[in-house]
4 protein chains.
Amino acid sequence: MPGSGRRKPLKQQRAIETRNAIILGAAAVFSRVPYAEARLKDLASESGISEGALYFHFASKRDIAFEVVAVQQERMHGALTEVLSRGGNALDKMLSAYAALADLVASDVVVQGGIYLQNQPGTELADATNEPYLEWVRLARILVLEGVEDGSVRPDVDADGAAEFLNALFIGAQVLSNHADSWASMPVRMRSFEPLVRIALAPASS
Amino acid sequence: MPGSGRRKPLKQQRAIETRNAIILGAAAVFSRVPYAEARLKDLASESGISEGALYFHFASKRDIAFEVVAVQQERMHGALTEVLSRGGNALDKMLSAYAALADLVASDVVVQGGIYLQNQPGTELADATNEPYLEWVRLARILVLEGVEDGSVRPDVDADGAAEFLNALFIGAQVLSNHADSWASMPVRMRSFEPLVRIALAPASS
Amino acid sequence: MPGSGRRKPLKQQRAIETRNAIILGAAAVFSRVPYAEARLKDLASESGISEGALYFHFASKRDIAFEVVAVQQERMHGALTEVLSRGGNALDKMLSAYAALADLVASDVVVQGGIYLQNQPGTELADATNEPYLEWVRLARILVLEGVEDGSVRPDVDADGAAEFLNALFIGAQVLSNHADSWASMPVRMRSFEPLVRIALAPASS
Amino acid sequence: MPGSGRRKPLKQQRAIETRNAIILGAAAVFSRVPYAEARLKDLASESGISEGALYFHFASKRDIAFEVVAVQQERMHGALTEVLSRGGNALDKMLSAYAALADLVASDVVVQGGIYLQNQPGTELADATNEPYLEWVRLARILVLEGVEDGSVRPDVDADGAAEFLNALFIGAQVLSNHADSWASMPVRMRSFEPLVRIALAPASS
DNA sequence: CATGAATGAGGTTTCATTCAT
DNA sequence: GATGAATGAAACCTCATTCAT
């Protein structure tokens with residue numbers, strides 16, 4: 001995972017601010033336009049700095065993209081663990097996890113940029129970009145199994161299939177939301193899926 | 001039809017073949033690499049023709065991409081109408097429609113190229129690329145309503161929500177399949193979702 | 001030795017001409033200005049072609065420089081073998097060899113470019129540039145030994161020292177000539193050294 | 001000299017040290033790499049100071065290079081006059097002068113940097129760089145004539161030719177030594193030329 | 001005096017498109 | 001109809017220089 005982690009100490013406060021501004025501006029551009037069509041000129045102007053300054057903080061355009069993805073991962077991970085630490089049965093936790101992520105996606109430009117960057121297989125970026133998907137699937141699988149145990153999920157579901165099912169749903173919602181209105185409708189969309197997911201996974205009722 | 005008239009058609013015949021070769025080669029490239037990273041040189045070599053010759057058949061790279069998307073639409077549409085013309089209740093039709101599309105996606109390079117091209121909002125291509133999504137949703141909605149009528153779908157489902165649900169699932173599966181193995185696993189994946197979709201949409205059983 | 005040897009067949013006559021024009025123009029620039037200060041813009045205009053066309057024929061500025069050096073080597077080698085194949089004793093052959101090389105240096109732009117390129121150790125070019133010097137020394141050594149045998153060189157000279165002596169003289173003359181008048185005076189200069197070299201190497205006379 | 005006057009000189013003292021450090025560091029870089037490829041960043045780090053600080057002591061990169069050349073000239077001049085002030089006939093003085101310079105070249109980084117800087121005609125530096133060569137030739141000429149008078153040099157030598165001969169030899173040795181081992185072998189090399197030079201210039205023997 | 005951060009001009013390289021054969 | 005060669009705009013990146021602290 002290149003791009004993650006500080007290279008230099010960054011001695012001045014001003015530098016840190018600039019660095020953050022770059023990540024923010026870059027994410028904004030990357031969330032609107034495919035990586036290869038994102039112009040350095042735009043990253044710079046969106047960040048309010050000169051083009052050359054980018055290279056004081058990052059080694060290349062590629063590195064900037066990696067950093068955006070890294071921050072996105074961090075934030076999504078943060079949101080996730082926060083939600084999962086709350087009480088409730090596994091199914092509820094799962095659904096509120098997706099809801100929380102949907103909120104994050106709708107509101108956080110860096111997350112949007114990171115997501116869109118990941119949706120471009122075959123790019124220079126491919127490497128740093130493939131792993132996350134697998135991680136989500138793994139997590140979902142764990143939650144499904146947990147749900148079977150605590151009774152919130154039907155015992156006859158295929159854990160792997162269900163995990164991918166949830167993931168496909170989430171990713172599809174991202175793509176559709178992006179197409180529709182740049183992720184603004186993401187939370188609504190996910191919420192509208194909830195009842196169907198509940199029916200699909202929850203025990204026959206009671 | 002005297003032989004004297006043949007000369008032109010014969011030439012056209014060759015042109016048509018070349019044209020198809022271009023579309024096929026282009027689709028192959030577009031299915032692996034984002035539009036902006038697809039090199040004309042690669043389209044040409046993958047099609048087995050020279051770079052300059054592309055411009056005899058198409059006005060620009062953009063046009064080639066459009067044509068790939070057009071053919072993809074055509075083929076998906078064809079597969080769809082073929083499936084939908086068969087008998088069965090709406091839910092069954094719906095599921096076999098998605099299954100058929102999944103097969104198509106897994107086997108047809110042009111369809112793959114078209115799909116991947118569509119997954120790049122914000123591009124030059126954006127215009128020609130946005131509509132199809134809406135159409136799928138519309139179609140799904142109609143089928144859901146049909147299902148409510150013929151009793152294959154629970155009467156209390158929200159047609160709009162269910163339509164988007166199905167669509168998100170399908171699109172998410174595409175993205176995941178592409179990431180995983182260039183769409184090879186698409187049919188399996190969709191089939192593994194079927195039981196969950198049935199439970200989510202079908203009436204409580206009896 | 002990258003840059004030496006044809007990459008592609010170069011199917012068209014025109015291409016071959018252009019390629020040669022590039023080498024010639026590039027050499028002209030490289031003979032006036034250090035590698036790192038040679039502007040592609042100048043290489044192009046001096047060759048009468050567009051900047052981009054350079055990249056149809058060569059992969060990089062570096063490669064162009066390598067090719068110039070390669071051609072220079074070739075030409076110097078050619079001139080050398082031509083001279084050495086003539087009759088005469090070893091000392092005479094040696095001196096007329098240096099004279100012939102001096103003429104070549106004064107008249108051939110590609111040779112000038114190659115020479116100046118080689119005089120920049122520590123550059124990107126370093127690799128392809130170091131070997132030739134050693135080769136000259138080796139050749140001079142052989143001739144000195146030959147001279148000892150045929151009696152045209154004093155038997156008590158140190159072959160290694162004499163070889164480097166001759167080489168230093170030749171290289172120093174190049175540097176001075178370049179400084180003075182872009183190599184124009186090279187032949188005169190070398191000729192003015194001849195008597196001294198004869199005295200230094202020839203037997204005490206009689 | 002009251003203590004109250006010392007404050008400024010003290011500051012200057014520090015400045016002088018920094019200035020010297022810069023020249024030393026710069027020379028080290030300039031001796032390895034052509035002017036245009038020498039990075040200010042490297043000059044700075046090699047000098048142990050910050051990039052910005054360079055501009056407190058010098059107006060530009062070009063100025064630093066000039067200063068390196070100036071110091072080099074100074075030191076070579078110093079070594080020369082020291083040697084020439086000793087006794088002996090002209091030929092001996094000449095040879096020990098070159099020997100002394102060779103020692104200096106091998107041991108003094110600033111001299112190395114200066115020499116390498118001068119070997120780049122066509123640069124921004126060209127102006128300040130051309131003169132020295134002429135001066136060496138002039139000096140050598142004078143010594144040759146002196147030698148003719150004191151009998152240490154054959155009376156029939158062409159003073160101009162001999163002067164350039166000696167110079168070419170010295171410069172060629174520099175180039176070869178630099179290529180071979182960054183000037184380390186310079187003294188050995190020059191010494192190995194001595195016998196040949198003696199034979200070339202000294203009277204027929206006796 | 002010194003430092004790290006920022007600027008901006010300009011360099012090399014890429015690549016869709018056009019041209020001559 | 002087709003090819004290889006050429007163009008030129010624009011992209012990414014470098015780096016001497018300047019600025020704020």
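Each chain gets a letter, A, B and so on, in the order the sequences are listed, and its residues count up from 1. All figures in this text were calculated on a predicted structure; none of them were measured in a lab.
- Searching all strands for a Watson-Crick or G-U wobble partner of F:dA10 with both distances below 3.5 Å returns E:dT13.
- Within residues 40-55 of chain D, the residues that have a heavy atom under 4.0 Å from DNA chain F are, in order of number, D:Leu40, D:Glu51, D:Tyr55.
- Pairing for F:dT21 is with E:dA2, a Watson-Crick or G-U wobble pair whose two hydrogen-bonding atom distances lie under 3.5 Å.
- Toward the 5' end of DNA chain F, the nearer of the two residues D:Tyr35 and C:Thr18, judged by each one's closest nucleotide, is C:Thr18.
- Rounding to whole angstrom units, CG of residue B:Asp63 and C1' of E:dA16 are separated by 13 Å.
- Taking atom CD of residue C:Glu17 and atom P of nucleotide F:dG4, one finds them 18 Å apart after rounding to whole Å.
- For the pair D:Phe56 CZ and F:dT17 P, the computed distance is 17 Å after rounding to whole Å.
- The pair C:Glu46-C:Arg39 does not count as a salt bridge, with every side-chain nitrogen at least 4.0 angstrom from each carboxylate oxygen.
- In this structure, CD1 of C:Ile22 is placed 10 Å from P of F:dT7, rounded to the nearest angstrom.
- Both distances falling under 3.5 Å, in either a Watson-Crick or a G-U wobble arrangement, place E:dG8 opposite F:dC15.
- Residues C:Ile64 and C:Glu67 are not in side-chain contact: their nearest non-hydrogen atoms beyond the backbone lie 4.5 Å or more apart.
- Proximity of a side-chain donor or acceptor of D:Tyr116 to a complementary backbone N or O of D:Val111 within less than 3.5 Å is not detected.
- One finds a side-chain N or O of C:Arg14 lying less than 4.0 angstrom from the OP1 or OP2 phosphate oxygen of F:dA6.
- Each of C:Leu43, C:Ile115, C:Val109 was evaluated against C:Phe30; a single residue qualifies, C:Leu43, per the side-chain contact (heavy atoms from CB on, under 4.5 Å) test.
- Within the cation-pi definition used here (under 6.0 Å to the ring centroid, within 45° of the axis), A:Lys61 qualifies as a partner of A:Tyr35.
- Rounded to a whole Å, the CZ atom of D:Arg19 is 12 Å from the P atom of E:dC1.
- Across all strands, C:Ala38 comes closer than 4.0 Å only to sugar-phosphate atoms, never to a base (heavy-atom distances).
- In summary, the side chains of D:Gln118 and D:Gln72 do present a donor paired with an acceptor at a separation below 3.5 Å, with no hydrogens or angles considered.
- As rounded to whole Å, 14 Å separates atom C1' of E:dG10 from atom CD of C:Glu37.
- At least one side-chain nitrogen or oxygen of B:Arg39 sits closer than 4.0 Å to the OP1 or OP2 atom of E:dA16.
- Rounded to an integer number of Å, the gap from A:Lys61 NZ to F:dA10 P is 16 Å.
- If you measure from atom CD1 of A:Ile64 to atom C1' of F:dA11, you get 14 Å, rounded to the nearest angstrom.
- Between B:Leu24 and B:Ser47 there is no side-chain heavy-atom pair separated by less than 4.5 Å.
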